[in-house]
Amino acid sequence: MTENSTCLILKLGGELLKHEQGRRDIAQAIKRLSSIGPLVVVHGGGRDVDTEMATRGIPKHAVDGLRVTDADTLDVVVGVLAGRVNTQLVAAAGAAGVAAVGLTAADAGVTPVQRAAPYVAADGTMVDLGFVGQPTGDERPELLGRLSAAGFVPIIASIGADSTGQLLNVNADTLAGHLAARLRAFRLLIAGGTAGVLDEDGQTITSVGEELLERLIADGRASAGMVAKLIACREARRGGVRKIEIIDGTRTTSLDGRPGTTVGGSATTD
Ligand SMILES: Nc1ncnc2c1ncn2[C@@H]1O[C@H](COP(=O)(O)OP(=O)(O)OP(=O)(O)O)[C@@H](O)[C@H]1O
Ligand SMILES: [Mg+2]
């Protein structure tokens with residue numbers, strides 16, 4: 001995929017993929033979007049990971065939606081995301097007639113990552129995230145470009161590897177925002193379980209500019225997974241992605257016109 005590509009990055013939250021009917025619905029949406037132009041799908045699987053961790057008695061720690069990942073947690077994350085969730089989604093897309101190909105960020109330079117530096121949380125505390133990966137910016141986009149050009153739809157689980165081959169857990173929004181910026185996607189569509197960014201009364205904030213984005217994080221109206229989402233949108237925006245939306249992806253076979261938030265404002269492109 002080249003600069004100024006017409007590519008759309010679709011990020012799917014794990015909540016949408018937990019049940020068979022949800023995966024079937026989302027597969028229809030993928031089919032529709034892939035008929036318009038090149039599509040790259042990135043997915044999370046936070047809910048499934050939580051369930052598996054609870055089954056194994058592993059405690060969960062997260063900060064601003066980023067999972068603090070020790071060796072046991074990494075084992076679960078890799079197995080659930082790159083294994084079950086990715087394969088089930090690829091199969092559902094295949095059943096809908098989409099030529100879907102399952103990948104992780106570790107495949108052929110899709111998104112090289114390095115161990116994340118200690119994270120400064122929204123509340124100012126410093127946290128060692130453990131086996132969490134941050135994109136290095138050394139992508140080799142040929143694989144995604146070739147797959148798209150040949151009519152395949154890459155479906156990427158948010159697991160990466162560093163230069164030593166160590167697997168790392170990457171937040172799926174972080175990965176999607178980064179890929180959108182690096183591929184110069186024209187659109188980043190983040191579908192999850194809420195009708196976009198909600199205010200303190202539970203109402204959708206329909207438009208978020210750069211200034212409001214910072215304020216939502218600073219004053220705590222955005223917390224947990226929404227912080228990672230907004231930071232990912234900021235990266236995409238600064239990378240020149242023109243259309244960025246966080247939308248409700250539940251109970252629908254089409255992601256057009258869903259309630260949600262447009263993230264815009266003054267873009268700083270380099
Ligand atoms: N202002 C807000 N508006 C909407 N959701 C918010 C807000 N602040 C915090 N959240 C939380 O963020 C969650 C979304 O992030 P979360 O990481 O849980 O899901 P996801 O990113 O869609 O899925 P995955 O992590 O599996 O990719 C919401 O379910 C909600 O609990
Ligand atoms: Mg998340």
Side-chain angles (χ1 to χ4, degrees), residues 9-19 22-23 26 29 41-53 60-69 73 76-86 88-89 104-105 119 121-123 129 132-133 155-160 169-180 188-208 212-233 235-236 244-252 255 258-263:
I9 306 283
L10 171 64
K11 190 277 172 158
L12 300 169
E15 200 168 331
L16 309 178
L17 309 174
K18 259 174 56 180
H19 302 295
R23 291 192 293 275
I26 285 296
V41 179
V42 176
H43 68 82
R47 302 296 187 280
D48 270 27
V49 170
D50 289 349
T51 305
E52 184 70 24
M53 285 183 50
K60 174 183 176 177
H61 301 290
V63 49
D64 298 347
L66 304 173
R67 190 183 294 274
V68 178
T69 307
T73 304
V76 173
V77 168
V78 172
V80 171
L81 290 194
R84 187 166 62 231
V85 178
N86 187 266
Q88 284 178 334
L89 179 57
T104 72
Y119 178 78
D123 68 6
L129 296 170
V132 164
I155 297 187
I156 307 172
S158 60
I159 304 292
N169 176 22
V170 188
N171 176 275
D173 291 299
T174 306
L175 179 61
H178 180 81
L179 264 181
L188 170 62
L189 183 56
I190 297 179
T194 66
V197 188
L198 309 177
D199 65 16
E200 55 274 45
D201 304 321
Q203 300 297 311
T204 300
I205 304 172
T206 52
S207 173
V208 172
L212 178 56
L213 188 153
E214 303 300 338
R215 241 185 310 133
L216 289 169
I217 295 173
D219 67 19
R221 271 180 289 170
S223 62
M226 190 49 70
V227 176
K229 245 178 250 305
L230 288 172
I231 290 173
C233 291
E235 178 173 4
I244 303 172
E245 296 140 289
I246 302 172
I247 59 157
D248 178 3
T250 57
R251 291 179 298 281
T252 180
L255 295 171
R258 298 291 292 164
T261 303
T262 300
V263 182

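Quick caveat, the model's predicted, so the values are computed rather than measured. All ligand and atom numbering here is 1-based and tracks the order in the structure.
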Residue among Val76, Leu129, Val49, Asn169 satisfying side chain to side chain contact (heavy atoms under 4.5 Å, CB included) with Thr69: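 That would be Asn169.
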Could you check whether any heavy atom of Ser223 sits closer than 4.0 Å to an atom of ligand 1, since that is the contact criterion I want to use?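 A heavy atom of Ser223 does come that close to ligand 1.
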Does ligand 1 have an atom under 4.0 Å from some heavy atom of Ala228?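 Flag not set, Ala228 not near ligand 1.
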Is there a donor-acceptor pair under 3.5 Å between the side chain of [X] and the backbone N or O of [Y]?
| X | Y | result |
| --- | --- | --- |
| Thr204 | Ala195 | yes |
| Asn171 | Gly65 | yes |
| Asp64 | Val227 | no |
| Asp199 | Asp201 | yes |
| Ser158 | Val170 | yes |
| Arg47 | Leu16 | no |

Looking only at heavy atoms, is any part of [X] under 4.0 Å from ligand 1, and if so is it the side chain, the backbone, or both, or is it neither?
| X | value |
| --- | --- |
| Ala224 | neither |
| His43 | neither |
| Val227 | neither |

Which residue supplies the protein heavy atom nearest to atom 17 (O) of ligand 1, what is that atom called, and how far is it?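 So the nearest neighbour among protein heavy atoms is Gly225 CA, 3.5 Å.
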What protein heavy atom sits nearest atom 28 (C) of ligand 1, and how far off is it?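 Checked against all protein heavy atoms, atom 28 (C) of ligand 1 sits closest to Thr194 CG2, 3.9 Å.
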For a quick test of reading the model, state the closest non-hydrogen atom pair linking Val42 to Ala172 and the distance between them.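 Shortest heavy-atom separation between Val42 and Ala172 comes out as CG1-O, 3.6 Å.
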For Leu66 and Ala228, which heavy atoms make the closest approach, and how far apart are they?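 Looking at all heavy atoms of both residues, the shortest contact is CD2-CB, 4.3 Å.
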[X] neighbourhood, listing ligand 1 atoms whose heavy-atom distance to it stays under 4.0 Å:
| X | answer |
| --- | --- |
| Gly44 | 26 (O), 27 (O) |
| Gly196 | 3 (N), 4 (C) |
| Lys11 | 20 (P), 21 (O), 22 (O), 23 (O), 24 (P), 27 (O) |
| Asp173 | 21 (O) |
| Gly14 | 23 (O), 24 (P), 26 (O), 27 (O) |
| Ala222 | 1 (N), 8 (N) |
| Gly45 | 26 (O) |

Between [X] and ligand 1, does any nitrogen or oxygen pair lie at a separation below 3.5 Å?
| X | answer |
| --- | --- |
| Leu198 | yes |
| Gly46 | yes |
| Arg47 | yes |

Mark whether atom 31 (O) of ligand 1 lies under 4.0 angstrom from at least one protein heavy atom.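 No, because not a single protein heavy atom sits under 4.0 Å from atom 31 (O) of ligand 1.
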About how many Å separate [atom2] of [Y] and [atom1] of [X], when rounded to the nearest 0.5 Å?
| X | Y | atom1 | atom2 | answer |
| --- | --- | --- | --- | --- |
| Arg67 | Lys60 | CZ | NZ | 5.0 Å |
| Asp248 | Leu255 | CG | CG | 9.0 Å |
| Ile217 | Met226 | CD1 | CE | 10.5 Å |

Please state which option from Gln203, Arg67, Glu15, Lys229 has its nearest heavy atom closest to atom 21 (O) of ligand 1.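 The option holding the nearest heavy atom is Lys229.
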Which is closest to atom 1 (N) of ligand 1 in terms of heavy atoms, Met226, Arg221, Glu200, Lys18?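 Residue with the shortest heavy-atom distance to the ligand atom: Arg221.
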